[in-house]
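Chain letters run A, B, ... following the sequence lines, proteins first, then strands; residues in each count from 1. Computed from a prediction, not measured in an experiment: that's the story for all the values here.
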Amino acid sequence: MKTPMDARDFARFLVALEAALDPASARDKTPVHRVYQKLRLNLSGIAGSAAFRAFALRALAQARSHSPGLSTVRIATSGALEGLEPSLLEPQLDGSADPAAGQPAGDDPPGAEGISLIASLLTLLLVFLGEALMLSLLRDTWPGADFEDRISLNWRKQ
Amino acid sequence: MTQQEKVTINKLPTGVPGLDEIVGGGLPEFSFNIIAGAPGSGKTTLAHQFVFANATPERPALYFTVLGESAIKMLRYQQQYSFFDPAKLPGSIRFINLSQVVLEQNLEAVLLAITSEVEKSNPGVVVVDSFRTMVRSPHADMDLQSFIQRLALFLASWEATTFLIGEYSEEELRDNPIFTVADGLFWLRQTAERNSIVRKLQIIKLRGQASVPGLHTFRITDSGVQAFSRTFGLTARKRHATGNKRLCFGIPELDRMLDGGVREGDSVLIAGSSGTGKSVMATQFISEGVRQGEPGIVAVFEERPEAYAERATSLGLDLESPQKDGMLTILYLRPLDLSVDETMHSILAAVQKIGAKRLVIDSLAGFEMALSPGFRADFRESLYRMIFALTGIGVTIVSTVEVDESSPTTSSACATSPSTASCARSWWSSKCAAAITPRKSASMRSRPRGWWCSANGWWTIRDSSAAFRYTPNAHSSRGWHRKIPDRSSRPPWGREAHFVGIRRCFPPPAPPHSLRYRSMPRRQDCPPRRAGGSSARTPGRVRAQSPAPRRWPNPPV
């Protein structure tokens with residue numbers, strides 16, 4: 001049994017996973033960007049790009065309330081992220097819990113904006129699809145990754 | 001062509017309880033099917049059940065969503081059903097959205113997208129939900145029939161069993177070329193009848209095998225769609241061979257009049273006005289069965305099982321212990337929108353669970369009231385099917401029905417609704433073995449009412465020595481129990497039961513003037529026949545009775 005994670009920790013876990021899987025491509029796209037892209041492609045295939053874009057817009061709106069730095073980010077018609085500043089997407093990947101969680105806006109550490117966006121997207125997925133189905137989709141996106149028992153039940157309260 | 005040369009069409013489980021029976025054992029493999037119906041009729045849920053029942057990692061299912069319900073919301077709702085297994089996604093079941101292609105391109109592109117995905121995945125099952133919305137796309141320049149034709153050819157070649165889901169109204173069923181392409185056409189209907197919803201399923205066509213014709217009730221529950229075949233799932237079962245076994249009531253005089261009891265596999269109706277003890281008599285029948293090691297079912301509609309058992313306890317009949325021992329099940333069926341088929345399903349499940357030999361339905365009027373208004377019109381026909389099916393598996397049935405004895409006319413004699421009364425008449429004319437009418441009448445001389453008597457084989461027993469009664473005191477302790485030994489001592493408030501008649505389908509009934517008391521195998525548990533007296537009957541002895549004048553009217557048809 002692993003320690004349950006909250007949404008931000010889980011987002012951080014996915015970003016770290018992506019960074020470890022494909023470090024060579026880090027120069028082109030940040031791990032946060034690649035996590036977002038993988039989620040986009042998977043969900044767009046299932047629900048359509050329009051449905052994914054609607055989800056992404058909602059996730060972005062929620063993330064902005066915690067991370068004002070995301071105000072410049074836009075979601076394209078295809079669901080892709082636009083207007084990104086690389087600094088917003090370079091999180092600390094030391095595995096510790098995000099100290100900015102629940103703190104006033106503006107106190108985020110560098111790179112926390114990207115984590116916040118991914119966390120909001122995952123939270124929406126959890127709300128709509130439930131834990132079992134969301135994990136099934138994540139396992140399909142990151143085969144071999146161990147997601148068991150990582151989701152904290154208090155995600156929805158965030 | 002010999003049997004060996006015929007191609008074998010494998011049948012796939014539908015995943016819908018009851019539907020396999022309806023479609024003739026399962027859905028033909030590689031068939032191209034259409035599920036049609038109005039919005040909310042359960043089309044998507046039915047398709048999901050099939051998908052989850054058949055998808056495997058080797059032969060996955062591809063579920064194409066087009067315009068309409070969002071796939072995310074579809075998954076959100078569908079996972080509420082118990083058949084939904086998240087572990088099958090996305091390995092065995094893949095959802096693919098084609099809305100972009102439909103909106104921005106044409107049907108040719110849609111066909112290309114589907115064929116591309118099929119070639120990649122080699123699916124065993126393909127669903128397009130909803131293909132109807134593609135026609136309404138502004139770019140749907142290709143003829144829909146052509147699209148369906150090509151899609152059907154392609155998917156059959158790829159050995160995929162296919163479902164197309166579409167919203168259709170009843171009017172569109174005729175002269176629709178789309179339906180000619182399909183191998184199977186499943187039509188789901190949903191109609192509001194007064195305050196309840198009636199859902200029915202019809203297999204309009206199914207190539208390659210025989211399906212059960214007609215409209216079948218279905219319900220959508222937490223387990224998904226559940227269908228109730230009109231044949232109650234008993235088509236493959238042989239009818240139970242009935243012998244000469246008799247099932248006692250535990251009421252000595254009545255059992256004596258019935259030649260030892262009700263013949264196994266018969267159905268008996270206890271008719272009488274309110275408060276005459278119909279339920280008590282039925283309870284004694286079930287209690288006596290338990291005592292003799294014959295498990296029983298009581299289907300109650302007008303009171304809770306606890307109250308039913310408590311009332312039996314007040315009569316000195318223990319229904320609590322048999323329930324704990326698995327010898328008795330009291331079913332409470334009163335959701336007010338039942339169908340007979342659902343009721344039958346519940347009763348059959350209980351019968352099979354405890355191996356029931358006796359069934360009490362208390363009462364027919366309550367049964368009818370528990371049905372959805374839309375099913376009451378079919379009550380007579382449905383009841384006939386139910387009785388035929390239950391007696392066919394060897395269950396002996398005792399039902400109660402309330403009739404109003406205050407009216408001498410046939411048409412107004414029934415306190416129940418006209419359809420229940422009609423049912424009761426149907427009962428006699430089709431399957432009835434005996435009718436017993438407890439009456440409040442103070443006089444034994446009064447002729448039993450002839451409401452149920454028909455000209456084709458009814459007679460009465462008016463032998464006072466064969467009558468019996470129970471008093472209020474006796475009712476509270478022992479229920480129906482004894483004959484009236486001395487008519488002069490009978491209190492005016494006593495209740496009496498006239499054994500009105502007995503008729504059998506097989507062999508044909510004897511003429512009324514030659515009522516036969518045939519011999520019955522004497523059973524240790526059954527009451528011994530009376531010896532001596534004016535009305536004594538000896539086993540094997542044939543006793544004739546003067547023909548009774550037929551003054552009562554025949555039941556209306």
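- Scanning both residues, A:Ser136 and B:Pro90, for their nearest heavy atoms gives O-CD, 3.4 Å.
- No part of B:Tyr63 comes within reach of chain A, as not one of its non-hydrogen atoms sits under 4.5 angstrom from that chain.
- Here the closest non-hydrogen pair linking A:Leu133 and B:Gln79 is CD2-NE2, 3.5 Å.
- Put simply, the residue from B:Leu89, B:Ile96, B:Thr65, B:Leu75 that forms a side chain to side chain contact (heavy atoms under 4.5 Å, CB included) with A:Ile46 is B:Leu75.
- Contact record, A:Ala47 with B:Ala71: CA-CB, 3.8 Å, taken as the closest heavy-atom pair.
- The neighbour count for A:Arg53 CZ, taken as heavy atoms of other residues, nucleotides or ligands under 6.0 Å away, is above 12.
- A:Phe52 does not touch chain B: none of its heavy atoms, backbone or side chain, sits under 4.5 Å away.
- Residue B:Gln100 comes nearest to A:Ser49 through the heavy atom pair OE1-OG, 2.9 Å, listed as atom of the first residue, atom of the second, then distance.
- Chain B forms more heavy-atom pairs under 4.5 Å with one residue of A:Gly45, A:Ala132, A:Ala54 than with any other, namely A:Gly45.
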